[in-house]
Amino acid sequence: MNSVASKNNLTLDNESWRVAYREIVEQYQSGQMPTAFDKALRATEKFPFSPDLWRLLGSISQDLNRAEVTIAAFRQALALSDDDPVNHSNLAIALHQDGQMAEAILSLRRVTELDPSDADAHYNLGVLLKEAGRFKEAIESYRKALNLNPEVAEAFNNLGILLCEQGRLGEGIDAYKMALSVKPNYWAALLNLGTELQKVHFASEDRSLYPCLQDLFNAANMVAPPDVAPAILSLLKHDPILIAMLREPSEQLDLQTHLERISKLDQLPLLQKLMRLCPLPDLELEGIFTGTRSALLEHVSALADAPFLESFQATLSLQCFLNEYVYFETERDSENVASLKRHIERNLAAGKEPEVAEVLCLGSFRPLHRFRWSEDLSCLKKLPEIRERLIAQPLTEQRLARKIRTLGPISNDVSIKVKRQYEENPYPRWAQLGICQPKLPVDDYLKGQGIRHHSLRDQALDSPRILVAGCGTGQHALQVALRHPESQVLAVDLSRTSLSYAQRQANRLGVTGLEFMQGDILDLAKLGEHFDIIESIGVLHHMDDPSLGWAVLTELLGPSGLMKIGLYSELARKDIVTIREEIAALGLQGCEAEIRAFRHQIAQSTKSHHKQLTLSKDFFSLSELRDAIFHIQEHRFTIPQLVQCLENLKLQFCGFTPSELNHELDLYYNGQADRHNLNAWHQFEVDHPDTFRGMYQFWCQKAASTQ
């Protein structure tokens with residue numbers, strides 16, 4: 001390409017230039033790209049001092065992915081018109097596309113110097129600086145862009161990402177809030193807000209966040225409600241309405257005061273929305289609701305016909321259904337429940353429909369679907385969500401349970417007992433699933449998790465066969481199927497009740513490529529097939545012999561197959577071990593009444609290991625609490641034991657998840673640790689015994705010699 005010498009050599013008339021330029025533009029706009037390119041190239045030779053022609057050539061060659069010509073053309077345009085911001089902007093784009101980040105940033109900086117009022121230029125500069133890892137400069141550019149144009153939701157969203165990455169969570173959440181005020185229901189900002197809420201605890205009131213948080217839930221399955229519930233409750237508890245209520249002991253209030261409280265709670269739709277989606281992990285709020293629940297039951301015949309009361313009762317009944325009636329029940333409550341049940345059934349026998357308040361009172365203490373007459377209640381027609389979730393859905397699950405394929409009879413004694421536990425308490429009960437993760441090929445997903453593995457076979461990358469061994473109520477299996485839609489997933493569990501819950505949720509979400517089956521891990525060899533990926537989280541440690549179950553899964557792993565395992569940590573569960581010893585000493589068998597009563601004692605206890613349990617979300621759901629401390633079988637492991645198991649099974653350790661754990665290890669070893677050395681992890685855990693409080697979750701793979 002010719003270099004530019006002097007503008008004095010231009011001798012052709014302007015009309016010839018205009019004709020040539022117009023013809024090239026017409027061909028360019030009509031899609032005749034090669035012809036337009038050739039004409040533009042010849043025109044720049046004929047009119048070498050026309051910045052417009054060089055710019056046009058650059059645009060055409062850019063569309064043809066001819067990076068070298070594009071950059072050279074835009075440079076020529078700049079040599080002729082250095083004070084034109086458009087030329088600098090075009091060159092910046094071309095340089096960025098060619099991977100020349102430093103020069104692209106310089107070109108965009110020149111645009112902002114030539115036109116400091118160009119908000120788009122400041123925004124684009126922020127994008128490049130962020131990509132280059134120059135976060136502080138990027139933040140400054142985004143702020144300049146927003147000062148010039150505060151209506152750019154994308155700028156607020158990107159600013160929020162950067163602030164959160166720097167640990168400035170409060171400022172980051174404010175930025176997401178602004179993005180959503182500019183662009184309601186902005187998907188990316190909602191997703192980012194949901195992610196950051198899992199890390200934050202609010203220290204002051206901010207009512208302006210309420211609408212954003214409601215939108216987060218209204219965009220169904222954007223985030224798993226239990227993941228963000230602690231943050232949202234920490235915000236709500238700074239609201240004057242709740243502050244006033246928390247100062248008054250609920251057991252000393254009369255009915256009228258409870259009704260006044262309920263009318264005030266009607267002003268907090270965010271709280272009621274959360275109550276309808278997951279158990280509330282907060283003992284202070286639980287105290288409010290248990291007191292109100294008992295008062296409404298005690299005075300059920302005197303309840304006023306007020307819209308706010310009906311709405312709150314519906315919300316409370318959904319909350320109690322979701323937490324599986326884990327709230328403490330006094331003897332007086334039990335007597336009143338039995339009396340109310342008899343009253344409703346006498347009226348129904350006499351052809352008299354019960355009052356809505358009566359049904360909702362009963363529904364806040366007992367599962368409505370277990371009453372044979374529940375399907376026929378006309379009084380609930382005006383409360384379709386209650387009819388659907390408390391009656392229709394559980395009955396649908398009973399019908400689905402009969403259709404689930406089975407691998408055969410379960411014969412192992414421990415497996416039979418574990419099956420019985422999860423038939424009685426499907427674990428966990430959930431309403432929304434956080435599934436807005438990107439759909440990713442397996443290899444990309446593993447890289448994003450920081451998992452080191454050797455090559456997978458092509459089919460495992462393109463359309464993997466995945467086994468979820470011990471899927472419970474389906475959260476895990478559905479997340480896997482939605483993350484890898486090209487896969488075929490088989491999800492197996494002991495409990496038919498849990499599987500039917502999972503199947504109903506899969507039907508609701510329209511998930512395909514996922515099959516549920518009842519069976520014992522010990523019997524999975526009967527399938528006669530192998531899997532590219534096997535995931536078994538929180539299952540093996542409840543088996544009679546975890547090593548035997550793990551060996552069965554290893555045999556099912558195909559060539560280059562990967563396995564994700566979740567097991568309890570001995571060090572992290574010391575408090576739980578102490579509590580399990582207390583349960584054994586008391587001779588408790590784990591029936592629902594015993595669980596509620598023991599939980600009530602723990603809630604009032606001042607012992608540190610009891611208080612630690614009350615900080616766990618497991619404490620606020622009956623099935624989760626039963627799983628945590630009343631499980632009939634539990635094994636725990638240390639990292640040296642994991643090393644021995646992996647050696648025995650000829651499996652290679654590929655890395656722990658979540659990937660954030662790697663950062664903690666790096667800090668501990670000043671960046672010198674091998675993330676795939678389990679001995680290093682063991683020393684780290686000894687010094688940080690709460691690290692794996694949930695459980696060890698890690699990937700492993702068949703050693704190369706066993707392929």
Side-chain angles (χ1 to χ4, degrees), residues 220 272 275-279 293 296-297 300-301 303 305 307 309-327 329 333-334 336-404 422-432 473-474 495-510 516 592 621-623:
Q272 296 208 36
M275 289 175 68
R276 288 170 176 253
L277 293 175
C278 71
R293 182 179 74 154
L296 294 177
L297 177 65
V300 62
S301 60
L303 295 183
D305 184 17
L309 177 59
E310 186 175 283
S311 173
F312 174 78
Q313 278 195 283
T315 297
L316 183 59
S317 63
L318 281 165
Q319 171 63 198
C320 294
F321 176 73
L322 284 167
N323 68 40
E324 295 155 301
Y325 309 93
V326 76
Y327 290 167
E329 182 177 311
D333 288 333
S334 301
N336 286 336
V337 167
S339 176
L340 177 58
K341 174 180 174 290
R342 289 193 297 270
H343 170 75
I344 290 174
E345 290 178 345
R346 278 197 303 268
N347 282 345
L348 286 169
K352 183 181 178 182
E353 188 78 8
E355 298 292 332
V356 171
E358 294 173 335
V359 176
L360 293 177
C361 265
L362 183 61
S364 64
F365 282 89
R366 300 287 185 270
L368 288 178
H369 72 275
R370 293 185 183 172
F371 300 112
R372 288 178 295 177
W373 39 262
S374 61
E375 278 190 289
D376 301 323
L377 289 174
S378 300
C379 64
L380 292 182
K381 285 183 178 179
K382 60 179 178 178
L383 294 172
E385 185 179 8
I386 295 298
R387 290 187 71 179
E388 175 64 18
R389 294 179 61 186
L390 299 193
I391 300 172
Q393 289 181 359
L395 294 178
T396 297
E397 291 162 19
Q398 292 176 10
R399 291 189 287 270
L400 288 171
R402 295 191 287 269
K403 300 178 181 178
I404 289 174
Y422 290 119
E423 296 287 15
E424 294 171 358
N425 294 107
Y427 166 80
R429 190 178 295 280
W430 54 277
Q432 286 189 3
T473 52
S495 164
R496 190 175 285 270
T497 305
S498 297
L499 289 165
S500 63
Y501 191 103
Q503 185 65 68
R504 177 182 62 77
Q505 293 283 30
N507 294 347
R508 179 178 67 86
L509 294 169
F516 294 103
E592 293 186 0
S621 160
L622 194 138
S623 66

Min side-chain heavy-atom separation [X]-[Y] under 4.5 Å:
X: N323; Y: R429; answer: no
X: L395; Y: Q398; answer: yes
X: E310; Y: L383; answer: yes
X: L362; Y: E358; answer: no

Might you point out which heavy atoms bring [X] and [Y] nearest each other, and give the distance in Å?
X: S500; Y: L400; result: O-CD1, 3.9 Å
X: L322; Y: P279; result: O-CG, 3.8 Å
X: T497; Y: P426; result: CG2-CG, 3.4 Å
X: P354; Y: L348; result: CD-CD2, 3.7 Å
X: W430; Y: Y501; result: O-OH, 2.5 Å

Has [X] got a side-chain atom pairing as donor or acceptor with [Y]'s backbone, closer than 3.5 angstrom?
X: Y327; Y: R293; answer: no
X: E324; Y: S623; answer: yes
X: R496; Y: E423; answer: no

Solution key, residues 364-373 side-chain donor-acceptor pairs under 3.5 Å, sequence neighbours excluded:
residue: S364; atom: OG; partner: C361; partner atom: O; Å: 2.7
residue: R366; atom: NH1; partner: E329; partner atom: OE1; Å: 2.9
residue: R366; atom: NH2; partner: E329; partner atom: OE2; Å: 3.0
residue: W373; atom: NE1; partner: E345; partner atom: OE2; Å: 3.0

Under the side-chain hydrogen bond (donor to acceptor under 3.5 Å, both in side chains) definition, can you give me all pairs with a residue in residues 346-355, not counting sequence neighbours?
H343-N347

If I take atom [atom1] from residue [X] and atom [atom2] from residue [Y], how far apart are they, to the nearest 0.5 angstrom?
X: L303; Y: L309; atom1: CG; atom2: CG; answer: 5.5 Å
X: S374; Y: I344; atom1: OG; atom2: CD1; answer: 11.0 Å
X: L499; Y: T473; atom1: CG; atom2: OG1; answer: 9.5 Å
X: L340; Y: S301; atom1: CG; atom2: OG; answer: 10.0 Å
X: S311; Y: L316; atom1: OG; atom2: CG; answer: 11.0 Å
X: L296; Y: L360; atom1: CG; atom2: CG; answer: 10.0 Å

Would R389 count as a cation-pi partner of F321, with NZ or CZ less than 6.0 Å from the six-membered ring centre and within 45° of the ring normal?
no

Report the C-alpha distance between K382 and V356 in whole Å, list the side-chain angles of each, state the deciding distance to 0.1 Å, and finish with yes or no for side-chain contact (heavy atoms from CB on, under 4.5 Å).
CA-CA 10 Å; K382 60 179 178 178; V356 171; 3.8 Å; yes

Salt bridge or not between E385 and R276? Use side-chain N to carboxylate O under 4.0 Å.
yes

